[in-house]
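See structure below.
Values below: all heavy atoms of this structure, side chains included; hydrogens, waters and symmetry mates excluded.
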Amino acid sequence: MPDASAGIGRDDSRDSHLPRDAALLADAVREAGALALSMFRTELRMWTKGASSPVSEADIAVNDLIQARLQSATPDYGWLSEESADDSSRLGKRLTWIIDPIDGTRGYLAGREDWCVSAALVEDASPLVAAVFAPATDEFFFATRGKGATCNGALIRATSGTGLDFSRIAGPKPLVERLTQTGEDITLYPRIGSLALRLCRVADGRIDAAFAGGQSRDWDLAAADLIVHEANGSMTALAGDAILYNREEVTHGVLVAAGRDRHAQLVEHFRRRPV
């Protein structure tokens, strides 16, 4: 028979560190956001990684700051960041930080305000604590599992109902058009460059639903995922499968986020008409 006390001990240890880790994350993300904002709309060195992904010295500076703050305080936790070399030792960690130093780098470099710092602490495969900070618009989203989600300290909730107002839906237009029955042209919510911020707009009720095209990564999603769920929303793969984090493969397919009832309806629609 499994040793029940071992499980209790792990949970107790997690719970005893949770307030510290939540405060640590909030402070690090606020400091990182301030650094990113101080470099915003200045002349920055930039380059391209992979096929077309832009990176700037601001991305690296913010990553280095967050890593220094979090890893020095929690050296036994795993680490996964868009701007760090992947260390496979994270796969054996129960607790792992997942970070996007600047989500929406293209918008950041273009001088737009739709970018953020996104960070989460993941326990096994699901987010435990999350912070998304958009310093250009002074919006700080925060959530702890089971304790609700806030923006600048005020509780937030996803919109209820099942209706579809396309002007309140964000995401790739060809995908959203599959929701129409007549093929009519639709007008979507204006594009939000940061995926994490797009999802947080669902959590705070400014939009009713958001889609993510394929190829999003753990660091784009983990923090916003918890914020959406704690705001009485749901965020899953298009078929309704839960999103798992800190796996060897960190790339995800098409995703949808919405208030719970609307999310269930959208998932059912795409089950009948798969992409």
Query - Crowding at NZ, Lys147 (>12 non-hydrogen neighbours, <6.0 Å) - result: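 No - once you tally the heavy atoms of other residues, nucleotides and ligands closer than 6.0 Å, there are 12 at most.
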
Would you say the side-chain atoms of [X] pair up with the backbone N or O of [Y], donor to acceptor, closer than 3.5 Å?
{"X": "Arg90", "Y": "Arg247", "answer": "yes"}
{"X": "Arg168", "Y": "Arg206", "answer": "yes"}
{"X": "Lys93", "Y": "Asp124", "answer": "no"}
{"X": "Arg271", "Y": "Ala239", "answer": "yes"}
{"X": "Asp103", "Y": "Ser118", "answer": "no"}
{"X": "Asp100", "Y": "Ser81", "answer": "no"}
{"X": "Thr74", "Y": "Leu70", "answer": "yes"}

**Report entry** Nearest atoms (heavy-atom pairs only) where Ile99 meets Ala119
**Finding:** CD1-CB, 3.5 Å

**Report entry** Side chain to side chain, His263 and Leu266, heavy atoms closer than 4.5 Å
**Finding:** no

Side chains of [X] and [Y]: is there a donor and an acceptor less than 3.5 Å apart?
{"X": "Ser56", "Y": "Arg45", "result": "no"}
{"X": "Ser84", "Y": "Trp79", "result": "yes"}
{"X": "Asp114", "Y": "Ser194", "result": "no"}
{"X": "Asn246", "Y": "Thr96", "result": "yes"}
{"X": "Thr137", "Y": "Glu139", "result": "yes"}
{"X": "Asp261", "Y": "Ser160", "result": "no"}
{"X": "His229", "Y": "Ser234", "result": "no"}

Report task. Show your reasoning for whether side-chain contact (heavy atoms from CB on, under 4.5 Å) applies to Leu238 and Leu175. Result -> CA-CA 11 Å; Leu238 208 56; Leu175 177 62; 4.2 Å; yes

Determine, for [X] against [Y], whether the closest basic-nitrogen to carboxylate-oxygen distance falls under 4.0 angstrom.
{"X": "Arg145", "Y": "Glu230", "value": "no"}
{"X": "Glu82", "Y": "Lys49", "value": "yes"}
{"X": "Glu249", "Y": "Arg217", "value": "no"}

Query - Parallel, tilted or perpendicular, as decided by the 30° and 60° cut-offs, for the rings of Trp97 and Tyr77 - result: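 Plane angle between 30° and 60°, so tilted.
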
Query - Check: His252 ring centroid to Tyr245 ring centroid under 6.0 Å - result: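 Here the rings of Tyr245 and His252 have centres that are less than 6.0 Å from each other.
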
Requested in this report: Assess the pair Tyr108 and Phe40: is the distance between their ring centroids shorter than 6.0 Å?
Outcome: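 Yes, the ring centres sit under 6.0 Å apart.
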
Query - Test side chain to side chain contact (heavy atoms under 4.5 Å, CB included) applied to Val202 and Ile207, Asp208, Ile169, Ile156, the passing residue - result: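 Exactly one option meets the side chain to side chain contact (heavy atoms under 4.5 Å, CB included) with Val202, and it is Ile207.
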
Requested in this report: Please step through side-chain contact (heavy atoms from CB on, under 4.5 Å) for the pair Leu255 and Phe211, ending with a clear verdict.
Outcome: CA-CA 6 Å; Leu255 309 171; Phe211 290 86; over 6 Å; no

Query raised in the report: Do Ile66 and Ile102 belong together in a cluster built from hydrophobic side chains that touch within less than 4.5 Å?
Result: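 Linked, Ile66 and Ile102 end up in one cluster.
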
Requested in this report: May I ask you to check if Arg30 and Phe140 form a cation-pi contact, with NZ or CZ under 6.0 angstrom from the six-membered ring centre and within 45° of the axis?
Outcome: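 Here Arg30 passes the 6.0 Å and 45° test against Phe140.
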
